[in-house]
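Have a look at the structure below before the remarks.
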Amino acid sequence: MLRYIVKRLLLFIPIILGISFIVLILIDITPGDPVAIMAGWDAKPEVIAQVAADLRLDRPIVVRYFEFVTNALKGDFGKSFRNKRPVMTDILSRFPYTALLAFVSVVLSVLIGLPLGIYAATHQYSWKDNTAIFATLILVSMPSFWLALLLVRVFSLGLGITPVSGIQKWTSWILPMFSLAVGYAASIARQARSNMLQVIREDYIVTARAKGQSERVVIYRHALKNACIPLIMTIGSLFGMALGGALVTEQIFSIPGLGQYTITGLINVDYPAIQGSVLFMSIISCSIILLIDIAFAFIDPRIRSQYIRKKVKAIQVGGEGA
Amino acid sequence: MAEKILEIKDLVVEYHTDAAIVHAVSGVNLSVIKGETLGLVGETGAGKTTIARSILRILPTPPAKFRSGEIIFGGEELTTKTEVEMRKIRGNRIAMIFQDPMTALNPIETVGWQIAEAISLHNEVRRDEAEKRAMDMLEMVGIPMERFMEYPHQFSGGMKQRVVIAMALACNPELLLADEPTTALDVTIQAQVLKMMQDLKDRLNMSVILITHDLGVVATSCQSVAVIYAGEIVEYGTVEHIFDHPAHPYTNGLFGSLPRLKTTERRLKPIKGLMPDPTKMPEGCRYAERCPDATEECSAKPPDVAEVTPGHQVKCIKAGR
């Protein structure tokens with residue numbers, strides 16, 4: 001298992017190299033020249049050349065790429081074109097806000113979505129199930145920014161309970177977290193329901209009932225554990241997405257997180273900021289996927305045995321049949 | 001001497017779907033004598049599994065609906081028992097073996113845990129005591145106890161079925177419902193598993209309901225046989241009655257469809273036609289459409305059960321004439 005994790009960590013290197021190269025090319029071919037913007041539209045050629053040299057954009061893309069990669073390996077993502085601060089410092093100072101928003105929203109959505117999904121599945125065909133499905137369908141389809149605006153209209157402007165934006169008070173976090181969690185909870189509930197419905201029909205569930213096991217243990221031990229395996233993927237990717245910065249939500253509520261930083265970087269054509277934040281998000285996503293895979297192995301012995309194949313074979317040779 | 005451990009009277013089970021009502025079991029009468037094996041024979045969809053699951057009351061409701069009937073087990077009526085009372089019987093006094101060992105075990109729990117689960121549910125024992133007994137059960141079905149901590153995917157089909165059997169027998173049930181226990185296994189393993197079940201049955205003095213569509217299995221392991229067709233028992237008697245003097249045209253058809261080793265046969269002789277649509281059962285005899293001897297009278301009204309010799313019942317108007 002440890003060997004597997006090390007192997008997976010080493011795989012990060014080519015993935016990250018690839019991503020940073022693609023990002024660099026995409027930025028380069030995107031309209032909007034930072035040199036022209038900074039130098040001004042009527043600048044003289046010498047000034048433009050000077051600005052390009054200052055921003056170190058006067059060299060070919062391949063050279064810039066290698067420079068970026070070698071610096072990134074040292075933990076240096078370059079300096080922002082705009083505020084001249086190291087990108088890494090900015091990212092690290094903003095990441096805690098994004099992480100807090102992501103973590104609480106995902107935990108909240110699991111706490112709402114999972115029980116709802118199980119409830120709907122165990123009451124299939126009843127009006128309770130139909131209501132739950134219909135409600136989650138609406139909530140899944142609802143864009144989170146629209147929900148966010150509705151929430152602001154009702155709770156901030158209408159009732160005056162929560163601040164409209166910012167992070168000054170702890171109550172400021174309620175609306176952004178809730179507006180993210182609602183959509184996540186709905187998709188978790190829908191997936192939990194369909195996984196549960198599939199698992200409940202499995203033969204081993206009948207076996208467990210035929211043993212005389214109580215309905216509670218049948219549902220929560222035998223069925224839920226099996227239904228959770230695909231669900232981990234969903235929850236993990238939601239978390240990965242949220243950690244990458246809930247771009248629109250952070251923008252709406254003026255949360256100084258990673259998402260807001262990325263959007264500002266894009267608007268300002270701030271190459272190091274964009275490169276740095278995309279690279280940071282890629283590393284986070286890769287780590288989340290690795291964690292998901294480890295969680296799979298932890299729950300499902302069939303997957304676990306793939307990682308410790310040699311040991312299993314030894315047992316099979318020693319044992320009978322198999 | 002012939003003490004009945006289980007008696008089913010006039011059992012009617014239906015499946016209610018949006019589109020129609022499926023008449024799965026229509027008025028079945030059965031009894032199992034202590035220590036004996038009763039074979040339930042019939043085609044796929046005849047209602048064999050529904051009967052077995054009705055006894056344990058583990059049919060999915062909805063769509064399944066228990067309409068009427070009595071199920072008397074050891075002098076107690078099961079159909080009126082509460083869910084809590086039924087849980088004490090399931091896996092403890094009546095156990096079940098399922099058709100497909102590949103899917104009957106929970107893939108993410110160790111086989112040992114799954115056997116021990118049944119033991120600790122019905123016995124006041126400590127965890128380690130339950131595990132010890134689960135290991136003994138594994139040994140009893142011929143699996144080394146070192147494999148206690150292994151998972152179902154590490155076992156072959158035949159081994160998995162042994163685990164399922166160990167799980168079913170873990171609490172010394174009085175009645176074992178074996179639902180096609182060998183159908184999913186290949187022939188050499190079938191023989192092994194049947195032999196093992198037979199030995200264990202004798203050792204533990206169990207009664208067994210063996211569901212199968214394999215007449216060879218019935219001949220070797222059963223004392224009584226009920227032939228089921230379209231949710232009804234069409235012929236019921238001892239193995240000798242059914243095999244030596246089959247009286248119902250369907251039973252005859254089943255035997256006729258078997259290839260014989262002694263004569264050269266160029267083609268198999270299947271029974272022509274299909275079972276009637278279970279949502280639209282015919283008014284008269286349900287076998288009339290496929291029966292070579294059917295007359296107009298057959299389709300007019302359902303035949304009564306006739307006793308051709310004592311203990312040998314046939315649901316056909318021609319029987320006993």
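So that the names make sense, note that chain A is the first sequence line, chain B the second, and so on, each numbered from 1.
- Heavy-atom distances place both the backbone and the side chain of B:A104 under 4.5 Å from chain A.
- Open room surrounds CD on A:Q198; 12 or fewer heavy atoms of other groups in view lie less than 6.0 Å from it.
- A donor-acceptor distance shorter than 3.5 angstrom exists from the side chain of B:H122 to the backbone of A:K211, with no hydrogens or angles considered.
- Ranked by heavy-atom pairs under 4.5 Å with chain A, the first of B:E146, B:E109, B:M167 is B:E109.
- Atom OH of A:Y97 is surrounded by 12 or fewer heavy atoms from other residues, nucleotides or ligands within 6.0 Å.
- Within 6.0 Å of NZ on B:K132 lie no more than 12 heavy atoms contributed by other residues, nucleotides or ligands.
- Nearest heavy-atom pair across B:D100 and A:D203 is CB-OD2, 4.2 Å.
- For the atom pair A:R209 CZ and B:L59 CG, the distance stands at 11.0 Å (nearest 0.5 Å).
- The contact between A:Q213 and chain B is made by backbone and side chain atoms together, counting heavy-atom distances below 4.5 Å.
- Across B:F98 and A:V206, no two heavy atoms sit closer than the pair CE2-CG1, 3.7 Å.
- Proximity to chain A is absent for every atom of B:R57, based on heavy atoms less than 4.5 angstrom apart.
- Only the side chain of A:I229 comes within less than 4.5 Å of a heavy atom in chain B; its backbone stays farther off.
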Passes side chain to side chain contact (heavy atoms under 4.5 Å, CB included), A:R302 versus B:I108? Steps please.
CA-CA 8 Å; A:R302 290 164 294 187; B:I108 59 173; 4.0 Å; yes
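- For A:R216, the CZ atom sits in a loose shell: 12 or fewer heavy atoms of surrounding residues, nucleotides or ligands are nearer than 6.0 Å.
- The residue among B:A118, B:P107, B:A168 with the most heavy atom pairs within less than 4.5 Å of chain A is B:P107.
- The two residues B:M96 and A:A210 make their nearest non-hydrogen contact at CB-CB, 4.5 Å.
- To the nearest 0.5 Å, atoms CZ (A:R221) and CD (B:E117) are separated by 7.5 Å.
- Heavy atoms of other residues, nucleotides or ligands lying less than 6.0 angstrom from CZ of A:F103 number 12 at most.
- B:L121 and A:G212 get closest at one heavy-atom pair: CD1-C, 3.9 Å.
- Chosen from B:N106, B:I97, B:I58, the residue pairing most often with chain A at heavy-atom distances under 4.5 Å is B:N106.
- Counting heavy-atom pairs closer than 4.5 Å to chain A, the top-ranked of the candidates B:K88, B:Q114, B:K160 is B:Q114.
- No more than 12 heavy-atom neighbours from other residues, nucleotides or ligands sit within 6.0 angstrom of CZ on A:F178.
- Contacts of B:L105 with chain A are made by backbone atoms alone, with heavy-atom separations under 4.5 Å and no side-chain atom involved.
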